[in-house]
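Numbers here simply count residues along the sequence, with the first being 1.
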Amino acid sequence: MAKKVKLTREELKRNELKEYISEFIVKTKEFWNKYSRQVIYGIIGVVIVYFLIYGLRTRRETMELEAFGRYRQAIDLENKGKDVNVIENLEYIIKNYKGTFVYGQAVLKMASKFIEKGDPDNAIKILNIGLKSGDLTKDEKIKAEYMMIIAEELNSNDKEKIIQNLIDFINKYEESSIISEAKLRLGDLYRETNKVEEAEKIYQEFVDKGEEAFFYEEAKFRLILLKSQQLLIEE
């Protein structure tokens, strides 16, 4: 009868580890034999998805760079006084680079060019395209709504309607940085429609804020002009 050998604790642990590894290898082979095709397809799928995402991201980055280059070119042409070419570049951005970070700036710049040229219809058309696109930032959207009012003013003789539109805009976006410009324009419309007290109140509001306030000099000049006109009328 063979003598039973008593194993040490370390030897027992070593044998347990060997058994575990052997069982793991057997189970792995069984799994591979059963699911190897699915595993290969899964790996291939992950690789394809990775390259699709990478390709889309690369394309997106390329579009952003192309759009930015076009916009910079438009600004350079504007500085050279070539407005026709400016509009062509901006129009190209709006048509081909929707969703890029310069898209909203292109919309606003193109609309402002049409307003400067006295072409409110095309300004309104471009602003509507931008507002409906959903690609304008919050500030760009607010600026577009303000420019829409300015374009409509060029297209209408109903100053009372424009005044009301400006009042509604100011009340809606009272915290926006563009409100100062809108208030100054409202003051001008009050002056143009002989609403002297309302105009004076708005101009005085700018002046009271001090020299650091937006449009301080413009409002101060308009206030002096308004009071001078009143003195002439009284005489």
Out of curiosity, [X] [atom1] to [Y] [atom2], how far, rounded to the nearest 0.5 Å?
| X | Y | atom1 | atom2 | result |
| --- | --- | --- | --- | --- |
| L184 | I179 | CG | CD1 | 12.5 Å |
| N165 | S156 | CG | OG | 9.0 Å |
| I162 | L186 | CD1 | CG | 11.5 Å |
| M110 | L127 | CE | CG | 10.5 Å |
| K201 | K195 | NZ | NZ | 13.5 Å |
| R185 | I178 | CZ | CD1 | 13.5 Å |

In terms of side-chain geometry, is the basic nitrogen of K143 or E140 positioned less than 4.0 Å from the acidic oxygen of its partner?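 Not counted as a salt bridge, because no side-chain N and carboxylate O are separated by less than 4.0 Å.
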K95 and E91 ion-paired at < 4.0 Å: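 Looking at E91 together with K95, the answer is yes, because their closest N to O distance falls below 4.0 Å.
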Closest heavy-atom pair and its distance - [X], [Y]:
| X | Y | value |
| --- | --- | --- |
| M147 | L108 | CE-O, 3.3 Å |
| E152 | I124 | CG-CD1, 4.0 Å |
| K183 | I202 | O-CG2, 3.3 Å |
| L136 | G130 | CG-O, 3.4 Å |
| G187 | A199 | O-CB, 3.5 Å |
| F206 | A213 | O-CB, 4.0 Å |

Just checking, is any N or O donor in the side chain of [X] or [Y] under 3.5 Å from an acceptor N or O on the other one?
| X | Y | result |
| --- | --- | --- |
| N122 | D119 | yes |
| E145 | Y173 | yes |
| R191 | Y203 | yes |

Indicate yes or no: at least one non-hydrogen side-chain atom of [X] is less than 4.5 angstrom from one of [Y].
| X | Y | value |
| --- | --- | --- |
| T137 | F101 | no |
| L189 | L166 | yes |
| L131 | M148 | yes |
| N85 | E78 | no |
| R222 | L226 | no |
| I93 | N89 | no |
| S133 | Y103 | yes |

Shared ILVMFWY cluster between [X] and [Y], side chains joined below 4.5 angstrom?
| X | Y | result |
| --- | --- | --- |
| L223 | L225 | no |
| Y97 | I75 | yes |
| F214 | F221 | no |

Are more than 12 heavy atoms from other residues, nucleotides or ligands located less than 6.0 Å from atom [atom1] of [X]?
| X | atom1 | value |
| --- | --- | --- |
| K125 | NZ | no |
| E116 | CD | yes |
| N157 | CG | no |

Step by step, would you call K109 with Y71 a side chain to side chain contact (heavy atoms under 4.5 Å, CB included)? CA-CA 10 Å; K109 176 65 74 174; Y71 188 74; 4.1 Å; yes
Looking at S228 and I224, would you say the former's side chain and the latter's main chain have a donor-acceptor pair under 3.5 Å?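 Checked: pair present.
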Report yes or no: is the cationic atom of R70 (NZ for Lys, CZ for Arg) under 6.0 Å from the centre of the six-membered ring of Y92, at an angle within 45° of the ring normal?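 Yes.
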Would you check, one step at a time, whether the test side chain to side chain contact (heavy atoms under 4.5 Å, CB included) holds for V107 with I129? CA-CA 8 Å; V107 168; I129 289 172; 5.8 Å; no
Given salt bridge (charged side-chain N to carboxylate O under 4.0 Å, His left out), test K161 with E153 step by step and report yes or no. CA-CA 9 Å; K161 180 184 176 183; E153 181 185 347; over 6 Å; no
Decide yes or no on side chain to side chain contact (heavy atoms under 4.5 Å, CB included) for Y216 and K209, but give the supporting numbers first. CA-CA 8 Å; Y216 168 83; K209 288 179 180 178; over 6 Å; no
Taking the six-membered ring for Trp, are F169 and Y146 parallel (under 30°), tilted (30 to 60°) or perpendicular (over 60°)?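 Tilted.
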If you apply the rule side chain to side chain contact (heavy atoms under 4.5 Å, CB included), what do you find for E160 with Q164, and how did you get there? CA-CA 6 Å; E160 292 298 331; Q164 189 57 53; over 6 Å; no
